Amino acid sequence: MKYDFLTIERKWQEYWDSKKTFRVPDAETKQKFYVLDMFPYPSGAGLHVGHPEGYTATDILCRYRRMKGFAVLHPMGWDAFGLPAERYAMQTNIHPSVTTGRNVDTFRRQIKMLGLSYDWEREVNTTDPKYYKWTQWIFLKIYNSWFDPKEHKARPIETLEHELAAHGTKNLEIEKHFTSDDWKNKSKKEKHDFIAQFRLAFVAEIPVNWCEALGTVLANEEVAEWTEKGYTVERRPMRQWMMRITAYSDRLLEDAKELDWPVSTLEQQRNWIGRSEGADVEFQVKGKAEKIRVFTTRPDTLFGATYMVLAPEHSLVDAIATPDRVQEIQKYRKETAIKSDLERGTEKEKTGVFTGGYAMNPTTGKEIPIWIADYVMMGYGTGAIMAVPGHDDRDMEFAKKYNLPIIKVVDGGSNAPECFVEDGIGINSSNNEVSLNGLPTPEAKKTIAAWLAKKGIGKATVQYKLRDWLFSRQRYWGEPIPIIYLEDGTMKAMDEKELPLELPSLEKFQPSGTTESPLALATNWINVVDKETGLKGRRETNTMPQWAGSCWYYLRFIDPKNDSAFCDATKEKRWMPIDLYVGGSEHAVLHLMYSRFWHKVLYDLGYVSTKEPFVKLRHQGIILGEDSRKMSKSRGNVVNPDDVVKEYGADSMRLFEMFMGPLEEMKPWNTRGVEGVFRFLNRVWRLFLNEEGTLDTSIQDVTPTIEYERLYHQTVKKVGDDIDGLRFNTAISQMMIFVNETMKLEVRPRKLLENFVLLLSPFAPHLAEELWEKLGHPKSTAYEPWPVYDEAKCAESRVEVVLQINGKIRSKVTVAKNTSDVELERLALDDANIKRYTDGKRIIKRIIIQNKLVNIVIAG
RNA sequence: GCCGAAGUGGCGGAACUGGUAGACGCGCUGGACUCAAAAUCCAGUUUGGCUCAAACCGAGUGGGGGUUCGACUCCCCCCUUCGGCACCA
């Protein structure tokens with residue numbers, strides 16, 4: 001009988017489904033193991049061959065761990081909010097929930113077709129109001145929290161109110177302080193506005209990336225993706241929701257050290273956070289009250305600051321500019337405003353305009369000109385710099401172009417380049433109060449920082465590149481933000497009990513025509529009256545970005561049907577943290593940073609028990625087309641999993657994707673390779689079953705030979721170890737070796753072959769279940785104990801020992817294992833080939849490694 | 001430019017803590033079975049020399065140098081590919 005994979009696979013998928021084989025109860029005494037796949041966005045195109053790679057890998061591990069006696073949590077769901085469904089709705093007026101539902105059905109069918117062992121009772125969908133109720137709930141928790149710098153964690157906003165009522169702003173790091181009495185005398189609106197600036201979710205007027213064609217703003221990190229697709233993105237100031245992820249900069253950095261993640265991903269996150277140590281310094285503007293604050297990583301070069309540069313958008317520009325310069329400044333500002341950050345970056349030559357104003361270098365008291373230039377960014381540091389052209393490449397370039405003075409204040413030795421940016425020895429840096437001359441850079445930094453602090457014009461600080469997270473989108477198809485703007489100018493968060501705030505259904509899915517989302521057109525939904533105060537209010541029309549739902553879905557899987565909490569605390573403790581998280585490296589900084597941030601807020605507020613959600617992370621590599629190029633429709637090299645499964649079966653598909661090479665590597669698809677593993681599965685089939693489809697007579701209860709038993713134990717060991725190490729390719733080769741050897745036998749020991757079926761079952765579960773049944777076992781392989789190997793029986797009894805002359809192999813001998821050094825040496829020296837080299841030569845040295853080699857070093 | 005990862009047969013890839021490079025699979029070559037083909041099975045397959053063959057000898061893990069009895073593995077320099085960042089003061 002032929003290996004009829006279509007029938008077999010359908011049969012076992014139905015079996016697993018109807019018996020709920022992979023359902024995992026929460027209360028169990030077994031050790032827990034939580035393995036998570038990044039859940040997909042269910043696009044209209046269906047699954048591509050890239051998806052099953054990671055899913056198969058985790059599936060093999062999960063099936064293996066179940067057999068090893070673990071309680072395995074392995075869920076799947078849908079990250080289903082997103083722009084494509086909304087754009088489709090604009091064209092067709094079909095509600096996004098309809099298309100989303102269709103796409104989810106396709107994805108679910110395709111995933112089930114691969115025999116992946118998910119617990120389908122835990123399926124979640126981010127667009128389900130029962131799910132996004134809790135996304136909104138977490139939003140409110142974040143909104144109703146502030147970051148307490150003393151405790152270095154998020155705390156409920158009431159604690160800030162209590163603090164202000166008790167101590168005023170005494171313990172807060174802000175510019176303008178007030179007392180507790182001042183606080184009590186403030187109006188509702190004043191209090192509201194003051195508190196608002198401390199919330200972890202807040203509204204700010206900031207320059208954003210507005211995309212007219214999409215009708216929405218984009219996060220900085222999303223811009224590249226859309227400009228690559230040909231969309232135009234411009235900078236414009238807008239009121240937007242932000243999340244204060246910057247408060248967590250150093251904790252995100254610090255806690256990353258404990259994570260078992262790919263180094264490149266950790267590195268990317270580190271760069272993204274971009275911590276740099278330096279100092280803030282204040283420069284007095286000549287003849288004005290204004291002071292300019294700058295951040296510098298090289299405060300030791302302060303004596304060499306010969307001019308200053310403000311970002312064109314800097315708020316002090318108008319105050320500093322002299323009347324004769326105003327026109328030119330306006331022109332320059334206009335020019336830079338239309339440039340995107342990207343264009344500003346690719347500009348070859350630096351440009352700038354003198355403001356007419358001067359500042360004092362605090363160390364020398366000298367007047368230095370203040371310029372504006374777009375090589376200084378408003379978004380980093382203070383948006384202003386002190387320019388030290390002697391020791392900064394950019395400042396040097398600018399100074400040369402505009403003939404600004406250059407002073408050397410760090411000695412870099414005789415070979416130092418014209419612009420020396422490294423650490424060196426301070427020179428030309430002294431005044432009546434402080435001298436950096438002769439000091440190595442690190443000491444000079446400390447000395448000047450102390451001086452700045454004493455003078456009250458600066459202090460050592462730390463800056464981060466990380467910016468706050470732009471959290472709102474002008475879209476319909478996202479979670480509504482549960483905030484109401486009241487007519488008294490205050491904002492009111494909805495009560496938790498009122499959640500979910502569901503999306504209204506729209507007649508037409510059209511852009512609002514303004515910068516608001518299409519929700520602005522749902523007048524009935526938008527206008528509300530506050531029950532508490534009777535004030536009229538208007539709902540927030542922005543929705544959350546797609547990242548919101550995926551920030552916490554791993555928690556919902558733990559308790560997906562809970563109506564009274566996002567996740568039961570006991571269950572959370574049972575399953576968290578995630579033991580293995582597998583997904584694409586394209587999420588290295590976005591999803592993986594945002595969800596760590598949310599997790600830490602939830603941790604601070606006491607809702608989760610671990611600091612980090614994902615202890616171990618791995619990325620699956622990209623699967624390229626057969627031509628070794630990226631798969632794309634236009635290249636016509638896309639491989640569809642449906643076709644592969646139809647032709648070779650899901651087991652072959654799974655096996656091939658794992659056999660291609662290391663999980664994390666990028667590798668090309670190869671249809672011949674699928675045929676190769678398909679042949680292997682056919683061999684396995686024929687190993688067990690004859691033409692009639694009954695058990696082959698060669699399988700008998702016999703004692704295996706020592707050699708065959710050894711191979712068996714080696715195979716059990718290697719397959720298990722390799723699954724744990726996610727080295728599926730080598731596990732498969734070992735099984736192939738085992739099968740090749742077994743094929744040679746005329747009589748095949750039944751017990752060992754039965755166990756082999758179990759070894760194969762995580763990889764090719766359908767085939768394994770079928771064979772297991774034919775072998776007379778009524779129960780599924782899913783919870784059969786994993787075969788145990790005997791270490792002693794893995795060891796070879798005879799080993800080949802290499803005989804070398806000066807490190808080159810000249811002969812080999814096969815000896816009993818653990819043959820003594822003395823005996824090995826004797827064998828080597830007696831060996832005919834070795835003798836040819838040693839005859840008449842002086843032996844200088846003998847190196848003997850037991851069970852490995854003898855190396856004889858001879859003179860000449 | 002900076003940061004990170006990686007370079008092994010015709011191809012995908014193996015190789016434990018420095019100890020037999022090329023496991024396993026694909027492809028290819030030859031053979032068996034067949035009227036024939038497919039499927040299957042057997043043998044061979046890094047490369048060069050000598051050879052009917054074996055034995056033997058030489059070269060070989062991107063390139064160059066080094067450490068070592070011995071290097072795909074460790075160190076230095078360079079090249080290439082991929083990924084990320086991009087005036088971050």
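So you know, we letter chains A, B, ... as the sequences are listed, proteins then strands, and number each from 1. All values below were derived from every heavy atom in this structure, side-chain atoms included, with hydrogens, water molecules and symmetry-related copies excluded. Remember, it's a predicted structure, so these values are computed and weren't measured experimentally.
Across the interface with RNA chain B, nearest-nucleotide mapping of A/G379 and A/F659 shows A/F659 to be the residue nearer the 5′ end. Where A/M660 and A/V857 meet RNA chain B, the nucleotide closest to each residue was compared, and A/M660 sits on the side nearer the 5' end.
In this structure, A/V802 reaches the bases: a heavy-atom distance under 4.0 Å links it to at least one base atom across the strands shown. Base contact: A/I849 has a heavy atom under 4.0 Å from a base atom. Across all strands, A/D395 comes closer than 4.0 Å to no nucleic acid atom at all (heavy-atom distances). Across all strands, A/Q804 comes closer than 4.0 Å to base atoms (heavy-atom distances). In this structure, A/Y837 reaches the sugar-phosphate backbone alone: every heavy-atom distance under 4.0 Å involves primed, P, OP1 or OP2 atoms, never a base. Among the atoms of the strands shown, only primed sugar atoms or phosphate atoms (P, OP1, OP2) are found under 4.0 Å from some heavy atom of A/G676. If you check every strand for non-hydrogen atoms under 4.0 Å, A/Q734 touches nothing. In this structure, A/P262 reaches neither bases nor backbone, as no heavy-atom distance under 4.0 Å exists between it and the strands shown. Nucleic acid contact for A/R270: none, since no nucleic acid atom lies under 4.0 Å from a heavy atom of the residue. Residue A/N833 is classed as a sugar-phosphate contact, given heavy-atom separations below 4.0 Å to backbone atoms only. Here A/K812 lies in heavy-atom contact (under 4.0 Å) with a base. Using a 4.0 Å heavy-atom cutoff across all strands shown, A/S276 reaches sugar-phosphate atoms only and no base atom. Residue A/R679 is classed as a sugar-phosphate contact, given heavy-atom separations below 4.0 Å to backbone atoms only. Nucleic acid contact class of A/I809 (heavy atoms, under 4.0 Å, all strands): sugar-phosphate only.
Rounded to whole Å, the distance from CD on A/E741 to C1' on B/A23 is 13 Å. One atom, CE of A/M736, and another, P of B/G13, lie 15 Å apart when rounded to the nearest Å. We find that NZ of A/K744 is positioned 12 Å from P of B/C41, with the value rounded to whole Å. Atom CG of A/L266 and atom P of B/C85 are 16 Å apart (whole Å). Regarding A/L655, its CG atom lies at a distance of 14 Å from the C1' atom of B/G12, rounded to whole Å. A/K630 places its NZ atom 12 Å from the C1' atom of B/G83, with the value rounded to the nearest Å. Rounded to whole Å, atom P of B/U40 lies 14 Å from atom OH of A/Y3.
As rounded to the nearest Å, B/C26 and B/C3 have P atoms that lie 43 Å from one another. Comparing the P positions of B/G58 and B/G44 gives a spacing of 25 Å, expressed to the nearest Å. Spacing of C1' atoms, B/G22 relative to B/A14, comes out at 7 Å, to the nearest Å. For the C1' atoms, the distance linking B/G83 with B/C87 amounts to 22 Å, nearest Å. Taking the P atom of each, B/G18 and B/C75 are spaced 11 Å apart, rounded to whole Å.
With salt bridges taken as basic N to acidic carboxylate O contacts below 4.0 Å, one links A/R275 and A/E277. Using a cut-off of 4.0 Å between Lys/Arg side-chain N and Asp/Glu carboxylate O, A/R298 and A/D300 are scored as salt-bridged.
Both the sub-6.0 Å distance and the 45° axial angle are satisfied by A/R596 relative to the ring of A/W261.
Closest to the side chain of A/T296, from the set B/A89, B/U40, B/G84, is B/A89. Among B/A23, B/G19, B/A89, the nucleotide with an atom closest to any side-chain atom of A/Y380 is B/A89. When distances run from any side-chain atom of A/W272 to the nucleotides B/A23, B/C85, B/A89, the shortest one goes to B/C85. The nucleotide whose nearest atom lies closest to any side-chain atom of A/N271 is, among B/G83, B/C3, B/A89, B/C3. The side chain of A/N670 approaches B/C26 more closely than any other nucleotide in the set B/C26, B/C87, B/A23. Residue A/K852 has its side chain nearest to B/G19 when only B/C24, B/G19, B/A89 are considered. Of the candidates B/G4, B/C57, B/A15, B/C57 carries the atom nearest the A/R836 side chain, counting heavy atoms from C-beta on. Out of B/C69, B/C87, B/A5, the shortest distance to the side chain of A/V263 is found at B/A5. When distances are taken from the side chain of A/P668 to each of B/U20, B/G12, B/A89, the shortest belongs to B/G12.
Within 6.0 Å of NZ on A/K630 lie no more than 12 heavy atoms contributed by other residues, nucleotides or ligands. Within 6.0 Å of the CZ atom in A/R293, the count of heavy atoms belonging to other residues, nucleotides or ligands does not exceed 12.
Contact check, A/N729 against B/G25: no side-chain N or O comes under 4.0 Å of OP1 or OP2. Contact check, A/R683 against B/C41: a side-chain N or O comes under 4.0 Å of OP1 or OP2. A sub-4.0 Å separation between OP1 or OP2 of B/C69 and a side-chain N or O of A/K845 is present. Taking side-chain N and O atoms only, A/R810 has no distance below 4.0 Å to OP1 or OP2 of B/C56.
Donor-acceptor pairing under 3.5 Å is lacking for the side chains of A/T715 and A/Y789.
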### Message
Only Watson-Crick and G-U wobble pairs with both distances less than 3.5 Å should count. Give RNA chain B in dot-bracket notation, marking inter-strand partners with |.
### Response
(((((((..(((......[....)))((((((.......))))))((((......))))..(((((..]....))))))))))))....
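Taking 90° from 0 as the syn/anti boundary, the base of B/G10 is oriented anti.
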### Query
Taking it one step at a time, do A/R710 and A/E796 satisfy salt bridge (charged side-chain N to carboxylate O under 4.0 Å, His left out)?
CA-CA 7 Å; A/R710 181 184 306 130; A/E796 302 282 346; 3.2 Å; yes
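Using bins of under 30°, 30° to 60° and over 60° for the plane-to-plane angle, the ring pair A/F688/A/F756 lands in the parallel bin.
Although no hydrogens or angles enter the test, the distance criterion places no donor-acceptor pair under 3.5 Å between the side chain of A/K717 and the main chain of A/C794.
Aromatic ring centres of A/F656 and A/Y648 lie farther apart than the 6.0 Å criterion allows. For an aromatic pair to be called close, the ring centres must be under 6.0 Å apart, and A/Y402 with A/Y307 fails this.
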